[in-house]
2 protein chains.
Amino acid sequence: MDKLTTNDAVALLRRAGVPVTVQRLEIARVLFSRPLHVSADQVLAMARENAPETSRATVYNTLKLFREKKLVKELIVDPERVVYDSNTHPHYHLYDINTGELTDVSAEELRVVGVPRLPEGVELEQVDVIIRVRGKAVSEAA
Amino acid sequence: MDKLTTNDAVALLRRAGVPVTVQRLEIARVLFSRPLHVSADQVLAMARENAPETSRATVYNTLKLFREKKLVKELIVDPERVVYDSNTHPHYHLYDINTGELTDVSAEELRVVGVPRLPEGVELEQVDVIIRVRGKAVSEAA
DNA sequence: GTACTTGCAAATTGTTTGCAGACAC
DNA sequence: GTGTCTGCAAACAATTTGCAAGTAC
């Protein structure tokens with residue numbers, strides 16, 4: 001609900017080396033007020049609440065920029081759409097195939113043992129773990 | 001190169017409870033002659049080598065059917081396209097962001113420790129681990 | 001004959017692109 | 001003034017859908 005103050009958002013962008021604009025500010029305030037899993041379209045909708053003139057293309061541009069600057073992580077979890085995660089600390093995910101719900105699994109809780117040594121010249125970008133579950137007994141008789 | 005015999009492919013489909021048709025046979029022969037990572041379009045191209053009248057829609061239908069029957073696994077690794085894996089044994093993947101190359105990591109090599117207990121009604125579908133790397137020093141001076 | 005499959009082409013959807021105007025410094 | 005952003009609309013690509021004809025038993 002309560003978003004980042006404009007000042008905090010400006011500071012955050014500057015620190016990351018992202019030139020500040022009105023739209024980027026609003027998108028940052030949407031994303032970084034709390035850890036969030038959102039699609040580009042959801043970001044657009046949320047940004048437009050406060051900055052109605054924001055365009056879809058700008059959201060895509062901004063999300064790409066934020067990813068380059070390591071402000072968000074892209075989650076490739078659903079073939080339909082990319083999900084952006086504003087939590088960039090190492091952690092993993094639990095994904096409900098039926099509902100599309102995405103839940104964090106902390107890196108303390110879950111460990112990946114035995115990541116193979118990489119050939120020289122190849123560097124690790126990130127390790128994704130997605131625990132796919134189906135269930136939540138898609139309410140039949142409600 | 002050498003594909004499954006028609007008899008073997010028929011047996012394989014029957015065992016999985018998939019009604020046999022010419023197209024499904026050819027797609028099965030393409031997929032199950034060896035462990036493979038392929039996109040729908042690649043399957044189409046490979047199937048058309050022997051069965052040129054195969055349509056794109058049929059390939060999508062068949063891949064979806066094969067997935068339901070657990071004959072292939074869907075890998076959500078690249079936002080652009082779904083990759084089908086004809087190796088359904090538990091294993092994980094290493095993905096080169098630059099080249100798109102996808103490599104298996106065996107379940108002996110890599111272990112996921114601490115998968116959280118699931119609420120009742122929720123059942124585990126599969127655990128995906130994708131080690132994303134960038135590198136292979138995209139040949140500059142070749 | 002009945003039910004399932006197929007091929008085709010059109011529709012859909014997330015994302016990207018080209019470009020002209022707006023903005024920042 | 002120059003270079004960076006933005007909005008818009010058109011372009012794109014993977015996948016899905018509707019439907020009429022084809023096939024299997």
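The shown structure was predicted, so the numbers you read here are calculated from the model rather than taken from an experiment. Computed from heavy atoms alone, side chains included, the values below leave out hydrogens, waters and symmetry copies. Numbers restart at 1 for each chain; the letters A, B, ... are given by sequence-line order, proteins then strands.
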Would you mind reading off the distance between A:Leu44 atom CG and C:dT13 atom C1', rounded to a whole angstrom? 15 Å
Let me know the distance between CG of B:Leu25 and C1' of C:dT6, rounded to the nearest Å. 15 Å
What residues, two or more places apart in sequence or in another chain, satisfy ring pair (Phe, Tyr, Trp, His ring centres under 6.0 Å) together with B:Phe32? B:Phe66
Residues forming a ring pair (Phe, Tyr, Trp, His ring centres under 6.0 Å) with B:Tyr92, sequence neighbours excluded: none
What is the first contacted nucleotide of DNA chain D and what is the last, in 5' to 3' order, if contact means an atom lying under 4.0 angstrom from a heavy atom of chain A? D:dC5 to D:dC8
Are side-chain heavy atoms of [X] and [Y] found at a separation under 4.5 Å?
{"X": "A:Val82", "Y": "A:Tyr84", "answer": "yes"}
{"X": "B:Val127", "Y": "A:Arg132", "answer": "no"}
{"X": "A:Leu94", "Y": "A:Val133", "answer": "yes"}

Under 3.5 Å, sequence neighbours excluded: what are the donor-acceptor pairs made by side chains of residues 16-28 of chain B?
| residue | atom | partner | partner atom | Å |
| --- | --- | --- | --- | --- |
| B:Thr21 | OG1 | B:Arg24 | N | 3.2 |
| B:Arg24 | NH1 | B:Pro19 | O | 2.7 |
| B:Glu26 | OE2 | B:Lys3 | NZ | 3.2 |
| B:Glu26 | OE2 | B:Asn50 | ND2 | 3.4 |

Go along nucleotides 15-25 of chain C 5' to 3' and tag each nucleotide: B for a protein heavy atom under 4.0 Å from its base, S when only backbone or sugar atoms are that close, - otherwise. BBB--------
Just say parallel, tilted or perpendicular for the rings of A:His37 and A:His91, cut-offs at 30° and 60°. parallel
A:Asp41: which residues meet the salt bridge (charged side-chain N to carboxylate O under 4.0 Å, His left out) condition with it, sequence neighbours left out? A:Arg56
